[in-house]
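Down below is the structure, laid out as structure tokens.
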Protein chains: 2
Amino acid sequence: MATIYEIARAAGVSPSTVARALRGSGYVSPDKRALIQKLAREMGYVPNHAARSLKSKRSQKVLFLIPDIYNPFYFRMIKGATEVLEEHQYFPVLCHTKGDPALEMKMLSNLQQGFGDGMIFVSFDFNPKNTAAVNASGCPVVLTNNYQSPDGRDAFDCVFVDTFDGIRMAAQHFISRGFTRIGYIGGNIATQTGRERFSGFQHALQQNHIAADQRLFKVGDFTMESGRRAMQELIDQRTIPQALVVANDLMAIGAMRVCKEQGIHIPGDLAIIGMDNSDLAQFLDLSSIQMCEEEIGRNAARLLMERIENPKLEKRTIRLQPSLALRKTSEAGEAPAG
Amino acid sequence: MATIYEIARAAGVSPSTVARALRGSGYVSPDKRALIQKLAREMGYVPNHAARSLKSKRSQKVLFLIPDIYNPFYFRMIKGATEVLEEHQYFPVLCHTKGDPALEMKMLSNLQQGFGDGMIFVSFDFNPKNTAAVNASGCPVVLTNNYQSPDGRDAFDCVFVDTFDGIRMAAQHFISRGFTRIGYIGGNIATQTGRERFSGFQHALQQNHIAADQRLFKVGDFTMESGRRAMQELIDQRTIPQALVVANDLMAIGAMRVCKEQGIHIPGDLAIIGMDNSDLAQFLDLSSIQMCEEEIGRNAARLLMERIENPKLEKRTIRLQPSLALRKTSEAGEAPAG
DNA sequence: GAAACATGGCCACCATCTACGAAATTGCCA
DNA sequence: TGGCAATTTCGTAGATGGTGGCCATGTTTC
């Protein structure tokens with residue numbers, strides 16, 4: 001509530017002397033400084049944020065545009081980012097776009113308002129319209145997760161996890177163990193996500209000169225139920241592979257449940273690796289591809305802090321390597337129980 | 001980037017006319033207004049947030065003090081609160097206290113800085129020190145989750161879930177089904193949480209004139225492992241109850257796992273209700289007490305918005321009623337399988 | 001005695017908003 | 001049509017709280 005003016009009056013000095021004394025910059029005699037600091041403490045002085053940021057053009061806040069506020073994936077990102085932001089005395093402001101492009105555009109304009117000094121932008125759909133708006137704002141923004149530069153040039157700072165490589169690694173893991181009949185349950189090839197992951201899988205097969213058997217590849221929609229269906233088809237076809245790479249944990253769990261019901265032993269009869277390394281995967285001892293969301297967050301925040309510090313930096317893209325969290329479902333199998 | 005001065009110059013009017021035209025307040029001739037609005041659009045004018053909030057003393061932000069940023073409980077709260085904040089054009093700023101009292105105090109001072117217009121404050125430990133700081137700030141703050149007014153007077157706006165009643169309901173549910181030997185696994189009685197929940201359990205027994213059998217009450221530390229241990233003790237004692245109320249889902253799941261390993265059929269031999277209604281509970285078909293975190297968030301945000309609107313309101317406390325999410329583990333049992 | 005340094009007040013600035021009052025326009029009646 | 005009041009229009013002048021440049025004054029040092 002108290003301002004430097006009131007302190008100045010109480011101390012019998014001018015407001016600017018108070019400012020200097022409290023900021024520690026410029027010349028103030030030691031006794032005056034002590035007096036001012038004492039008064040400030042007593043009067044409960046706290047500098048006014050709005051005034052300071054009007055002058056300094058820094059708000060100490062970073063906007064977090066996320067499409068889905070109740071998704072653990074994003075929360076882990078936020079957690080990671082917050083760790084780094086804290087070190088720089090910055091705070092995340094949550095802006096929830098609900099995946100709605102109109103809201104997204106509206107939130108982007110908040111940036112120009114000085115609502116925040118920068119933004120970490122996550123979108124389901126990076127397109128010319130919203131990326132142009134980001135560019136137009138001229139403010140520091142880091143795109144994360146699935147932005148792809150249209151012409152391969154780094155127009156933005158960007159952090160993403162190489163899901164292609166995650167799936168590739170999982171398949172390679174099985175191949176290295178000597179499996180040749182490896183199944184895949186993925187998402188729709190029409191989506192970028194679906195395509196990217198499947199290519200990773202195909203790449204591993206090709207690298208190892210393993211012929212692709214189309215019957216072993218099923219498509220789901222990332223729900224547990226679709227995982228069940230896909231697994232059931234494999235069983236019905238009597239083409240149960242030796243190992244299965246699944247493009248997310250939920251589908252993998254669906255598949256596991258069918259196996260359990262039908263006496264297919266995991267990992268003895270069928271080894272499985274899922275993707276996301278969700279809490280459920282940990283709980284159910286499902287091997288999974290670790291997407292390191294916190295690492296995304298940390299890197300995005302780091303890039304952003306650096307850019308706020310120095311806007312002239314070259315634009316950078318950070319490609320994070322996923323890792324395998326190997327658990328029971330992909331253990332080198334002893335002979336099947338049944 | 002453009003300011004009202006530049007627009008004023010472009011339109012050949014004074015800055016205050018621009019302000020009036022854009023804000024829609026005061027008298028501006030229709031043609032000038034139209035011109036100014038057109039220019040503002042063309043020049044990409046967005047009002048400066050810092051300047052506006054310096055003048056208006058509103059930042060459109062609400063601080064969210066939370067002890068643990070990656071706890072599903074809290075981010076459900078955040079989700080609920082965000083819904084309400086959005087309606088009022090407010091945004092949540094996350095302040096992570098890590099349960100550290102010193103950090104908590106520091107963050108509280110952010111409030112006075114005008115960092116936010118109000119705060120939703122969640123603490124592991126509400127004590128005279130931090131509540132005094134809240135009071136001293138004179139800013140709108142809503143305490144949630146486990147604050148208890150020391151003298152029963154409403155010094156603060158406050159939202160909490162009646163965990164006492166949640167546990168009581170769970171016990172009552174079993175009692176109504178005719179069970180008389182009901183076990184309880186809770187937290188340490190030295191903690192407020194532990195005490196509160198256990199009282200709810202005892203209350204249900206007393207109400208129904210059921211004698212308490214101390215051998216059926218075990219203490220854990222809210223981890224799965226401690227749930228396992230507690231259940232194992234019940235088994236070793238050969239005092240397996242008919243039903244079990246457990247003070248959180250993790251411990252309940254630990255108990256379930258022991259039962260599964262040792263052939264105790266759930267719910268045939270033993271019915272279980274946990275607490276939190278976590279994702280895991282849903283996944284494992286564990287009955288649970290629903291703490292309605294989103295509802296806490298919504299109510300906290302609502303109280304806060306109302307208080308920011310009108311600081312003179314009476315202080316209010318909202319006590320939310322938990323509900324039972326009944327699933328398989330508490331189904332009226334057919335005869336046990338084995 | 002002059003240069004070097006320390007001290008602290010004054011003022012402009014950041015961008016917006018608003019109270020006030022001057023100026024312009026309109027309406028109304030004689 | 002002139003005159004007066006009511007109404008509309010719009011600019012001037014702060015105010016918000018903090019910061020930093022500039023400069024006048026005071027002190028020390030050689």
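Y5(A) places its OH atom 7 Å from the C1' atom of dG18(D), with the value rounded to the nearest Å. Residue I7(B) contributes atom CD1, which lies 8 Å from atom P of dT16(C) at whole-angstrom precision. Rounded to an integer number of Å, the gap from N48(B) CG to dC13(C) C1' is 13 Å. To the nearest angstrom, C1' of dG17(D) lies 14 Å from CE of M43(A). If you take OH of Y45(A) and C1' of dG18(D), they are 7 Å apart, rounded to a whole angstrom. When the P atom of dG21(D) is taken as reference, atom CZ of R23(A) falls 11 Å away, rounded to whole Å. The interatomic distance linking I4(A) (CD1) with dA15(D) (P) rounds to 15 Å, in whole Å.
Taking the six-membered ring wherever Trp is involved, the centroid distance between the rings of F115(A) and F91(B) falls below 6.0 Å. Residues F64(B) and Y74(B) keep their aromatic ring centres 6.0 Å or farther apart.
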Could you go through R58(A) and Q89(A), starting from their C-alpha distance and side-chain angles, then the distance that decides it, and tell me whether this counts as side chain to side chain contact (heavy atoms under 4.5 Å, CB included)? CA-CA 11 Å; R58(A) 288 288 169 88; Q89(A) 310 268 41; over 6 Å; no
Assess the residue pair T193(B) and T191(B) against the criterion (side-chain hydrogen bond (donor to acceptor under 3.5 Å, both in side chains)); give the C-alpha distance rounded to whole Å, side-chain angles, the decisive distance to 0.1 Å, and a yes or no. CA-CA 5 Å; T193(B) 307; T191(B) 68; 4.8 Å; no
Output, in order, the C-alpha distance, side-chain angles, deciding distance and verdict of side chain to side chain contact (heavy atoms under 4.5 Å, CB included) for T3(B) and N48(B). CA-CA 8 Å; T3(B) 69; N48(B) 179 291; over 6 Å; no
Tabulate atom names and distances for all N/O pairs under 3.5 angstrom spanning the protein and nucleotides 7-9 of chain C.
residue: dG8(C); atom: OP1; partner: K32(A); partner atom: NZ; Å: 2.5
residue: dG8(C); atom: OP2; partner: S29(A); partner atom: N; Å: 3.0
residue: dG8(C); atom: OP2; partner: S29(A); partner atom: OG; Å: 3.4
residue: dG8(C); atom: N7; partner: R20(A); partner atom: NH2; Å: 3.4
residue: dG9(C); atom: OP2; partner: S14(A); partner atom: N; Å: 2.6
residue: dG9(C); atom: OP2; partner: S14(A); partner atom: OG; Å: 2.7
residue: dG9(C); atom: OP2; partner: T17(A); partner atom: OG1; Å: 2.6
residue: dG9(C); atom: N7; partner: R20(A); partner atom: NH2; Å: 3.3
residue: dG9(C); atom: O6; partner: R20(A); partner atom: NH1; Å: 3.2

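Listed by residue number, the members of residues 51-59 of chain B with any heavy atom below 4.0 angstrom from DNA chain D are L54(B), K55(B), K57(B).
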Can I get a per-line list of side-chain donor-acceptor pairs under 3.5 Å for residues 32-41 of chain A, giving both atom names and the distance, sequence neighbours left out?
residue: K38(A); atom: NZ; partner: E42(A); partner atom: OE2; Å: 3.4

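A cation-pi arrangement is absent between K79(A) and F75(B) under the rule of less than 6.0 angstrom and at most 45 degrees off the ring axis.
Salt bridge status for R9(B) with E6(B): absent, with no side-chain N to carboxylate O gap under 4.0 Å.
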